[in-house]
Visitor: 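Here it is: the structure, laid out below.
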Number of protein chains: 2
Amino acid sequence: MVSLDNFFKSAFTVDNVIFGFDEGDLKVLLIKRGEQPFLGKWALPGYFVYPNEDLDGAAVRVLEELTGLKNVYLEQVETFGDVNRHPFGRVITVAYYSLINTKDYILKLKAGSIAQQAEWVALKDVNDIAFDHAAILASCFQRLQRRVRHRPLGFELLPKKFTLTQLQQLYEAILQTELDKRNFRKKILSMNLLIDLKEMQEGVAHRPAKLYQFDRAKYEQFLAEGYIFDLSESKKKNGKKVNGVLH
Amino acid sequence: MVSLDNFFKSAFTVDNVIFGFDEGDLKVLLIKRGEQPFLGKWALPGYFVYPNEDLDGAAVRVLEELTGLKNVYLEQVETFGDVNRHPFGRVITVAYYSLINTKDYILKLKAGSIAQQAEWVALKDVNDIAFDHAAILASCFQRLQRRVRHRPLGFELLPKKFTLTQLQQLYEAILQTELDKRNFRKKILSMNLLIDLKEMQEGVAHRPAKLYQFDRAKYEQFLAEGYIFDLSESKKKNGKKVNGVLH
DNA sequence: CTTAATTAGTGTAAAAAGTACGCTAATTCA
DNA sequence: TGAATTAGCGTACTTTTTACACTAATTAAG
């Protein structure tokens with residue numbers, strides 16, 4: 001047996017879960033499908049992989065074709081291959097996720113793509129999406145929740161200049177919990193990864209906050225030195241640990 | 001467009017990384033290939049997926065067919081789909097991993113399978129394996145290293161009755177670091193997940209150790225109550241955290 | 001039967017990290 | 001000028017982590 005001809009082959013696709021943060025809400029990028037199956041339904045931006053491209057490359061290409069987002073760094077999360085997940089036959093899909101600052105990108109549909117529309121939808125408003133995309137979204141969100149404690153992902157979702165309150169609200173949105181303001185600031189600032197820009201917020205009807213910027217260069221230097229980013233915490237009750245909450 | 005006929009299809013496979021622990025070494029189960037490509041080379045036990053089976057099911061079936069291991073619980077880790085990863089054409093593979101106690105299972109080749117041999121190989125002795133299996137193995141080992149701090153996985157690799165020293169050696173093998181005996185015991189015992197069997201080790205030429213058993217029922221009860229398993233630790237040096245080492 | 005070799009088993013004090021908590025400051029708007 | 005709103009800050013207590021060394025129990029060899 002020296003060829004693949006005797007083996008079953010399947011169509012395969014990539015699906016992208018792109019998280020954004022806006023107006024205090026965690027959002028996800030969805031498209032409205034202009035093709036069967038699930039014509040007219042909202043779905044994750046995803047499509048078929050070509051024979052001559054790697055999976056990671058396909059994810060980037062498909063995302064651009066469907067939403068106009070270019071050069072987004074995507075990370076593979078999980079592969080979904082249940083026999084009946086696609087109504088037309090066997091289709092295996094590899095899920096990717098990413099986090100971006102929605103303001104840095106412009107949604108732009110490509111003529112001829114299967115997307116009729118592309119929109120940021122608050123996570124809590126997502127319901128009834130095509131295929132098994134709810135499960136894919138859940139898996140990626142879970143990944144995000146775990147990762148955010150151990151990697152400085154949050155900064156991807158914010159504008160370059162942000163206030164500590166914005167950062168805290170973002171963490172609260174991702175972790176779906178409330179955090180203590182003083183302890184959060186103490187912990188974040190003690191990491192020495194924020195640059196105090198000596199600038200103030202403008203145009204707000206209250207005391208303006210200081211603006212900070214993430215010090216990516218220093219973070220990479222720390223990484224190289226073997227240090228780790230860690231925001232996790234946990235509480236002990238009766239000798240048993242309870243889920244960390246980053247108080 | 002209401003069919004899949006127009007889309008490229010690829011062969012796809014599952015590959016399994018089965019970890020075991022024996023004689024103080026972390027091992028992985030490999031087969032010697034009896035088929036092209038890589039005939040005669042060592043490889044992870046993996047094979048093609050059928051049209052009518054889910055990925056998880058395929059992983060379990062393939063493992064049994066190639067090595068005789070039945071009903072192993074496998075977890076999906078990562079999908080590898082580089083265009084040229086298979087010399088005969090495009091083959092996408094989904095990697096699964098598992099941990100088992102090598103003594104509980106008997107390796108038994110099935111007639112007609114592509115495995116000429118199946119063997120436990122110490123992780124440090126694995127080199128020159130087929131396809132991109134080195135990368136797959138590395139990915140699964142990394143997953144194991146991360147998971148072992150947050151889930152009581154270690155017990156899967158040990159016999160039902162074990163000593164604290166055996167448990168410590170296992171953690172040292174997985175985390176590739178040395179642990180402090182007293183602190184390790186304090187931490188493990190404080191979780192209240194070990195049953196002291198009031199039995200002693202026999203047949204050793206030194207002071208015999210107490211035997212313990214993992215209390216799975218209690219662990220599941222703790223989980224249900226929202227408690228978490230957490231062996232992670234980290235050290236601060238100059239205000240920066242350094243990788244946890246579970247001292 | 002004594003001794004050597006081997007591994008098991010144990011506690012404490014100091015340092016670091018995590019937690020709970022409430023008031024004053026700066027700004028805009030009415 | 002006062003009301004409303006959000007920013008910014010420190011301390012005492014608790015829990016967790018860390019570093020560290022000796023005695024106990026058994027077998028093997030002489």
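Both backbone and side-chain heavy atoms feed into the values below; hydrogens, waters and symmetry mates do not. Below, chain A is the first sequence line, B the second, and so on; all start at residue 1.
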Visitor: Starting from P on D/dA21, measure out to NZ on B/Lys181 and report it in whole angstrom.
Guide: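 Interatomic distance, NZ of B/Lys181 to P of D/dA21: 13 Å.
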Visitor: What is the nucleic acid contact for A/Thr163, judged by heavy atoms within less than 4.0 Å: base, sugar-phosphate only, or nothing?
Guide: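 The answer is nothing, as A/Thr163 stays clear of every strand by at least 4.0 Å.
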Visitor: Near DNA chain D, under 4.0 Å by heavy atom, which residues of residues 199-209 of chain B?
Guide: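 Heavy-atom contacts with DNA chain D come from B/Val204, B/Ala205, B/His206, B/Arg207, B/Pro208.
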Visitor: Using OP1 and OP2 only, check whether a side-chain N or O of B/Lys210 sits under 4.0 Å from C/dG9.
Guide: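 Result: no.
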Visitor: Among residues two or more places apart or on two chains, list those pairs meeting salt bridge (charged side-chain N to carboxylate O under 4.0 Å, His left out) that have a residue in residues 200-210 of chain A.
Guide: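 Qualifying pairs, neighbours excluded: A/Asp196-A/Lys210.
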Visitor: Quick one: list whatever passes side chain to side chain donor-acceptor pair (under 3.5 Å) with B/Asp128, sequence neighbours left out.
Guide: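 Expected list: B/Lys41.
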Visitor: Strictly by salt bridge (charged side-chain N to carboxylate O under 4.0 Å, His left out), give each pair with a member in residues 153-174 of chain A just once, sequence neighbours left out.
Guide: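 Salt bridge (charged side-chain N to carboxylate O under 4.0 Å, His left out) check on residues 153-174 of chain A returns A/Glu156-A/Arg216, A/Lys161-A/Glu199.
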Visitor: Looking at residues at least two apart in the chain, or sitting in another chain, which of them share a side chain to side chain donor-acceptor pair (under 3.5 Å) with A/Arg33?
Guide: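 For A/Arg33, no residue satisfies side chain to side chain donor-acceptor pair (under 3.5 Å) once neighbours in sequence are set aside.
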Visitor: According to a strict under-4.0 Å criterion, is A/Thr165 in side-chain N/O contact with OP1 or OP2 of D/dA7?
Guide: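 Yes, such a contact exists.
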Visitor: Between the base of D/dT11 and the side chain of A/Lys186, is there any donor-acceptor pair under 3.5 Å?
Guide: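 By the distance-only test, yes, there is a pair.
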Visitor: Given atom CZ of A/Arg182 and atom C1' of C/dA25, what is their separation to the nearest angstrom?
Guide: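 Atom CZ in A/Arg182 sits about 15 Å away from atom C1' in C/dA25.
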Visitor: Please enumerate all residues that pass side chain to side chain donor-acceptor pair (under 3.5 Å) together with B/Lys70, with sequence neighbours excluded.
Guide: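 Expected list: none.
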Visitor: To the nearest Å, how far apart are B/Leu179 CG and D/dT17 P?
Guide: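 These atoms are roughly 14 Å apart.
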Visitor: Just by distance, with hydrogens left out, do B/Glu78 and B/Ser139 show a side-chain donor and acceptor under 3.5 Å apart?
Guide: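 Distance-only check passes for B/Glu78 and B/Ser139.
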